[in-house]
Amino acid sequence: MAYSHSFGLAALSVLGGAFCVLSGCGSDAPGRGSVVSAGGDTAQAGGRAASGGGTGRGEAGEAGEASQAGGADAGDGGAAGSVALGTPPTPLALYPSTLDADVGCDGAPDASLLIQNAGGSTLEVTSASADSGYVVNTKLPLSIEPGAAASLLVTPPAAAANVPVGDKTSGTLSFRTNEPTLPTRRVSLSSELFSAALEFTDHDGAPLTAPLTLSYLNAGSCPDTVKYRVHNHGNVAITLLGPTFPANFAGTTTGNAGQTIAPGEYVELMVGGVSVPGNLCGADGQLAFTTKGSYCGSAPSLSVVWPPAAGPTCACTVAP
């Protein structure tokens with residue numbers, strides 16, 4: 001991942017990581033990256049950049065070692081370590097040039113932009129703002145001691161109604177520091193909508209465009225048990241619970257704990273008719289499901305029709 005930093009005294013030589021100096025930090029950094037990833041060793045002046053990057057979306061990693069020559073581990077934003085010879089006396093901000101702030105229909109958690117001070121005096125983030133619906137949620141000014149790190153929290157915009165799974169938005173985070181020349185720093189923000197997307201199909205995988213209809217293979221008064229599937233066409237796994245059955249229907253369920261459906265996978269269930277003597281052999285109703293996880297919209301339900309049988313009465317129970 002590309003990092004950005006400023007250094008008013010000399011350009012930093014970079015080994016093993018991509019950084020930009022004062023003249024190269026901006027919102028036009030190429031590509032989409034993780035919140036924090038491993039930085040490379042700098043030569044002589046800058047110390048070592050953050051070596052313990054965040055592993056998930058929206059997570060800030062630990063700050064790494066302050067420098068090769070005696071810098072202490074800065075941890076996750078705690079007390080600063082000792083400052084090595086050759087460290088610039090002025091503040092020096094190291095930060096990622098891009099930040100992913102992904103969202104789900106069940107909420108938009110904050111993403112963390114980790115800022116490390118690789119200089120020899122206190123770094124202060126004096127102001128910060130974002131456009132395109134992103135919001136900065138860190139109280140300012142934010143002070144960072146030499147060798148330490150701290151985070152700016154950014155909330156992405158909530159997912160708009162009826163947008164497709166995988167929909168992407170972008171914006172820019174701008175912040176100012178007390179570094180020489182009082183620079184304005186810019187970070188490219190991006191978000192992607194993560195959600196499950198459920199679809200009912202028949203037992204062959206063909207989408208159901210009409211109610212699932214029970215059928216009679218024989219001339220008896222009980223319909224056959226019918227198999228159907230619930231497919232997940234989204235980009236995250238979902239836990240499906242149910243269904244609950246209306247009167248005159250029964251079948252298999254996902255159990256009390258539910259069943260997890262990974263992206264591109266499905267669960268297969270069965271439904272059939274239930275009746276008693278004296279009742280007409282026919283019914284219709286909705287099989288109702290609930291979900292756990294990121295799912296846009298109301299929980300799905302499946303319409304089922306039990307066509308009337310030829311006889312006036314019936315006594316049957318769905319097969320287990």
Side-chain angles (χ1 to χ4, degrees), residues 1-6 14 17-22 24-40 49-64 74 76-77 91-104 106-118 123-142 144 148-160 163 166-177 179 183-195 235-236 294:
M1 142 161 311
Y3 275 73
S4 299
H5 69 274
S6 66
V14 177
F19 291 78
C20 62
V21 293
L22 180 62
C25 299
S27 60
D28 58 349
R32 169 189 180 91
S34 304
V35 174
V36 175
S37 63
S51 62
T55 58
R57 298 181 181 274
E59 297 180 287
E62 294 183 347
D76 57 358
L92 177 63
L94 287 171
Y95 57 96
S97 61
T98 62
L99 178 64
D100 296 344
D102 293 326
V103 300
D106 53 351
D110 288 340
S112 298
L113 179 79
L114 189 72
I115 303 173
Q116 183 182 9
N117 182 6
L123 173 70
E124 287 194 358
V125 180
T126 56
S127 64
S129 63
D131 58 18
S132 304
Y134 293 84
V135 177
V136 178
N137 284 321
T138 298
K139 185 178 179 179
L140 300 175
L142 178 63
I144 308 173
S151 294
L152 282 179
L153 300 180
V154 180
T155 302
V163 298
D167 183 70
K168 297 181 179 180
T169 58
S170 61
T172 301
L173 166 67
S174 302
F175 65 93
R176 299 193 68 181
T177 73
E179 295 169 88
T184 297
R185 304 302 180 204
R186 291 180 174 82
V187 175
S188 297
L189 304 173
S190 60
S191 299
E192 183 174 350
L193 175 59
F194 279 79
S195 173
N235 52 12
V236 292
S294 183

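The line from CG of Leu189 to OG1 of Thr172 is 6.5 Å long, rounded to the nearest 0.5 Å. Note: Leu142 CG to Leu123 CG = 8.0 Å, rounded to the nearest 0.5 Å. Considering CG of Leu99 and OG of Ser151, their distance stands at 9.5 Å, rounded to 0.5 Å. Ser170 OG to Asp100 CG: the interatomic distance, rounded to the nearest 0.5 Å, is 11.5 Å. Atom CZ of Arg176 sits about 13.0 Å away from atom CG of Leu140, to the nearest 0.5 Å. Between the CG atom in Leu173 and the OG atom in Ser188 there is a gap of 9.5 Å [rounded to 0.5 Å].
Between Asn235 and Glu192 there is a side-chain heavy-atom pair separated by less than 4.5 Å. Looking only at side-chain heavy atoms (C-beta outward), Pro96 and Leu113 come within less than 4.5 Å of each other.
Closest non-hydrogen pair, Leu152 versus Ala128, comes out as CD1-CB, 4.2 Å. When all heavy atoms of Tyr95 and Arg186 are compared, the pair lying nearest together is CE1-O, 4.2 Å. Closest non-hydrogen pair, Thr126 versus Thr177, comes out as OG1-N, 4.2 Å. Smallest separation of non-hydrogen atoms from Tyr134 and Ser190: OH-C, 3.6 Å. Of all heavy-atom pairs between Ser195 and Val236, the closest is C-CG2, 3.4 Å. In terms of heavy-atom proximity, Ala101 sits nearest to Ala111 at CB-CB, 3.7 Å.
No donor-acceptor pair under 3.5 Å is formed between the side chain of Ser191 and the backbone N or O of Val103.
Looking at residues two or more places apart in sequence or on another chain, you find a side chain to side chain donor-acceptor pair (under 3.5 Å) between Thr155 and Asp110, Asn137.
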